[in-house]
Amino acid sequence: MASASAGEDAGTYTVTVVKTLPSGNVSGSVTLGGTATLGAGNDYTINTTNFAMNGATTSATFTITINDDAEVEGPETITLTLANVTGAGAVTPSTFTLTINDNDTPPETPEGIAAFRFTDGSLAVSTKDANISVSDMALSSGTIETNVTTGSYFPNMPYIEETAGWNKTSQAEAKNFFFTITPQPGYEISITGIAFRAYATAAGPSGIGYDVGGGLATNAMDAPDSSLVVVSNAVTGVDNQTGAITVMIQGWTNGSRATSGGGILKIDDVVVFGTVSSAGPVPPVLNLIGNKSAAAGVPLGFAVTATPTDGDPVTLTVSNAPVGSTFGSTNASGYFSWANPGPAGVYTVSFYASDKDGADSEQISITVTSPPAPIQTNLWINEIHYDNQGADVDEGFEIAGPAGTDLNGYNVYLYDYNSGSVVYSNIALSGVIPDEGQGFGALWFAPDAGANGALFNGPDGLALVYGGSVVLQFISYEGVITAVNGPAQGLTSTDIGLRETNTGTPVGYSLQVCGTGNTASDFAWTPGPTDDWRLATPGLLNDCQTIDGGGSGYSQEQEDWIVANWGDVGSYPGDELDSDGDGSPNIEEFIAGTDPVPPNGANSYFEVIRVPGAGATVPTVIGRVYRLWTIPSLRGSQTWTQVGNGTEGTGTPLQLNAGTTTNSAAFRVTVEMSAP
């Protein structure tokens, strides 16, 4: 074999050189290498580096004596490489590597800057420096088993363990235990060492390692069967960190022995060594804002916040702000507002967060596009993803509705309950909804990830808004929100009743609406077969969703009316247009039951009718309500007064009477949907 490992307390280890020739004399030597130090009083000695085999001899041995010292050190290697061979040729493997696993541990005190002992069965840190915060021990996937006291693997029990999932073949993809160390504002961390004890069962991982700071410091070692792995390593490269540092203890199959990776990995006595010191005068940190966009004439607003670093008061300012925009702030929290963006173009704006120690800044671009298309109210939030196992990926939301809808002019405002139910991001939507079946489709939006992620963990809300003021939908997850600013101010959200978690939701899954229909009210947020989440389908209608009703997005009654006047739904120019030029939009013509024949049909005025006497006979449509109004004379300053209650249409002409004697000379008839 080409490699093996032994504990520092193994005493001796014998390495054998084998001769495969049936006869003849073979001699040679081995050269020594590796990270271990040769010599008495050092890491090891060897009885000889030469060998000779005569015709009757088929092997020769080297005896390595391992020095069991008291020095705290990581795994070290000894390599023996065949050299100067005479009488035969060297074949593979011609190099052998022995890994010596240290059995010395750092002193129990001090406990470094953070230590996990698990002695109370808790996943919380046991001790830590006063100027840092440390998250609970967590697992990239699965559930940690705590308070385990069986076995004799560790001197300080209980320990923690996890079964299965250790079958990745690289350290970069390995399943892991992890926790995060974060310095308090004004402090910085340098990590100089890490220690922990690990034990893998026969079916568990064959490789164990750690990662500090997302690759700033890593280490990997073999995990022999039924052998305690004691890690006590110096760490370099993690210096003067002012942000969060994630520490991972990883397990995977590295080919050092046969295993399925489906067994158990146990860990205990995790200690991080280093220093926590004052970072000195540090300016505040301006939290990521990101570029913004808005349609001309559609109000734009977004939060601007900063993180103080040492308790000094923070001032937020803006430069090169567009004409007509405003910016107000209180300490480290501000809000930029532009009530009437325009003209179309790209505007470059700079924001600053400053205190007596200096300033941090970000320059963003605000893109103003052409005015939006007429409103399409039959839109809804179709899918959400905001949290998953490990680091959050692919966060975002999906908007669904009739195919061909231009989302220019629509925004989704994100509300954070933990910050006071205020807007923390405003995402301007764009693109045209594709036809993914039955005249409907969906578009996925992935907001830029700021300091706390693209979508915050709950309770938080999303408001789908048209034109900066018309709220089409206001939903939330993990709780109900009452918005205190932005377009949804004063509105209470509808909780979807589903949630995602850092420990449960797999990557590639989301929360979705399901059902059959063609309007938002036809669908409901529905859990998957086993959990709240389902396999994500970003940019596609959900697998649990069926569109019916012809797919136009209109009621059957209105669709019949459109086909009668335009030939097909695809030729219909839209509700808000005035196809026959009579001053009344198409949707009002539909409600009134008039005939807007394109392109220049007969006038179909219906809002004002002057009739003599005390009433009028009007044609009616079933499903409408008709009302009679009067004024003394046709003057703009007059106020119309309703006379008589609304009358349901019958499909035939109806006589509408004032009901009382009146000298009024002017009347009008209005019509509305009976079931709006």
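Taking every heavy atom of both residues into account, P224 and S5 meet most closely at CG-OG, 3.3 Å. Residues A306 and L316 share a closest heavy-atom pair of CB-CD2, 3.9 Å. The heavy-atom pair separating N176 from Q250 by the smallest distance is CB-CG, 3.8 Å. Taking all atoms of both residues into account, the shortest heavy-atom contact from I132 to A114 is CD1-CB, 4.5 Å. Of all heavy-atom pairs between G251 and A174, the closest is O-CB, 3.5 Å. Pairing each heavy atom of I264 with each of P205, the nearest pair is O-CD, 4.1 Å.
One finds a salt bridge joining R117 and E111 here, because a Lys/Arg side-chain nitrogen approaches an Asp/Glu carboxylate oxygen to under 4.0 Å. With salt bridges taken as basic N to acidic carboxylate O contacts below 4.0 Å, none links D532 and R499. Using a cut-off of 4.0 Å between Lys/Arg side-chain N and Asp/Glu carboxylate O, K168 and E173 are scored as not salt-bridged.
Within 6.0 Å of the OH atom in Y417, the count of heavy atoms belonging to other residues, nucleotides or ligands does not exceed 12.
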Decide side-chain contact (heavy atoms from CB on, under 4.5 Å) for N457 and D392; before the verdict, give the C-alpha distance in whole Å, the side-chain angles of both, and the deciding distance to 0.1 Å.
CA-CA 10 Å; N457 293 343; D392 294 343; 4.3 Å; yes

Residue pair H385, W533: steps toward the side-chain contact (heavy atoms from CB on, under 4.5 Å) verdict:
CA-CA 9 Å; H385 172 57; W533 42 84; over 6 Å; no

side-chain contact (heavy atoms from CB on, under 4.5 Å) between V393 and N388: does it pass, once the steps are laid out?
CA-CA 7 Å; V393 296; N388 57 253; 3.9 Å; yes

Apply side-chain contact (heavy atoms from CB on, under 4.5 Å) to L429 and V412, showing your working.
CA-CA 7 Å; L429 308 185; V412 168; 4.1 Å; yes

Evaluate N426 against N411 for side-chain hydrogen bond (donor to acceptor under 3.5 Å, both in side chains), listing each step before the verdict.
CA-CA 7 Å; N426 172 14; N411 292 60; 2.9 Å; yes

Take D268 and R197 through the test salt bridge (charged side-chain N to carboxylate O under 4.0 Å, His left out) and record every step on the way to the result.
CA-CA 5 Å; D268 197 7; R197 295 172 180 265; over 6 Å; no

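Both tests pass for K175 against the ring of W166: distance under 6.0 Å to the centre and angle within 45° of the axis.
In summary, the side chains of N382 and Q545 do present a donor paired with an acceptor at a separation below 3.5 Å, with no hydrogens or angles considered. A donor and an acceptor atom, one from each side chain of S510 and E383, are located under 3.5 Å apart. A side-chain N or O of N287 and one of T307 form a donor-acceptor pair less than 3.5 Å apart. For the residue pair S421/T482, the side-chain donor-acceptor check at 3.5 Å is not satisfied. Donor-acceptor pairing under 3.5 Å is recorded for the side chains of S476 and S493. Checking N240 against E188 by side-chain atom types alone, a donor-acceptor pair falls below 3.5 Å.
Here the side chain of T12 pairs no donor or acceptor atom with the backbone of T65 at under 3.5 angstrom. The backbone N or O of N502 sits less than 3.5 Å from a side-chain atom of D387, completing a donor-acceptor pair. Side-chain atoms of D355 never come within 3.5 Å of backbone atoms of P313 as a donor-acceptor pair (strictly under, hydrogens ignored). Judged by distance alone, with hydrogens and angles left aside, the side-chain atoms of E436 form a donor-acceptor pair with the main-chain N or O of L541 at under 3.5 Å. In terms of modelled atom types and a separation under 3.5 Å, the side chain of Q171 and the main chain of G209 share no donor-acceptor contact. In this structure a side-chain-to-backbone donor-acceptor pair under 3.5 Å is present from D129 to N131. Within the 3.5 Å criterion, the main-chain N or O of A446 finds no donor-acceptor partner in the side chain of E395. The backbone N or O of T37 lies less than 3.5 Å from a partner atom in the side chain of D43, making a donor-acceptor pair. Side chain of Q389 to backbone of L139: no donor-acceptor contact under 3.5 angstrom is found. Checking side-chain atoms of R257 against main-chain N and O of A202 turns up a donor-acceptor pair under 3.5 Å.
For the ring pair (Phe, Tyr, Trp, His ring centres under 6.0 Å) test, residues two or more places apart in sequence or in another chain that qualify with Y415 are F474.
Proximity of the aromatic rings of Y386 and F456 is defined here by a centroid distance below 6.0 angstrom, and this criterion is not met. Ring centroid separation for the pair F445 and F397 comes in under the 6.0 Å cut-off.
A 4.5 Å side-chain heavy-atom check between W252 and T169 finds every atom pair outside the cut-off. In this structure, V134 and T180 have side chains that are not in contact, with every pair of non-hydrogen atoms separated by 4.5 Å or more. By the 4.5 Å heavy-atom criterion applied to side chains, F351 and I364 are counted as neighbours. Taking 4.5 Å as the limit, some side-chain heavy atom of L462 sits within range of a side-chain heavy atom of Y477. Within the 4.5 Å cutoff, the side chain of F273 has no heavy atoms near those of the I194 side chain. At least one side-chain heavy atom of I267 sits less than 4.5 Å from a side-chain heavy atom of F177. T163 places a side-chain heavy atom less than 4.5 Å from the side chain of E145. The side-chain heavy atoms of T77 and I100, taken from C-beta on, include no pair separated by under 4.5 Å.
With rounding to the nearest 0.5 Å, the separation of CG in D460 from CG in D416 is 4.5 Å. For the atom pair CG of D269 and OH of Y159, the computed distance is 12.5 Å after rounding to the nearest 0.5 Å. Expressed to the nearest 0.5 Å, how far CD1 of I181 lies from NZ of K128 amounts to 10.5 Å. T501 OG1 to D531 CG: the interatomic distance, rounded to the nearest 0.5 Å, is 8.0 Å.
Exactly one of T259, N254, T253 qualifies for a side-chain hydrogen bond (donor to acceptor under 3.5 Å, both in side chains) with S256. That residue is N254.
Using bins of under 30°, 30° to 60° and over 60° for the plane-to-plane angle, the ring pair Y210/F196 lands in the perpendicular bin.
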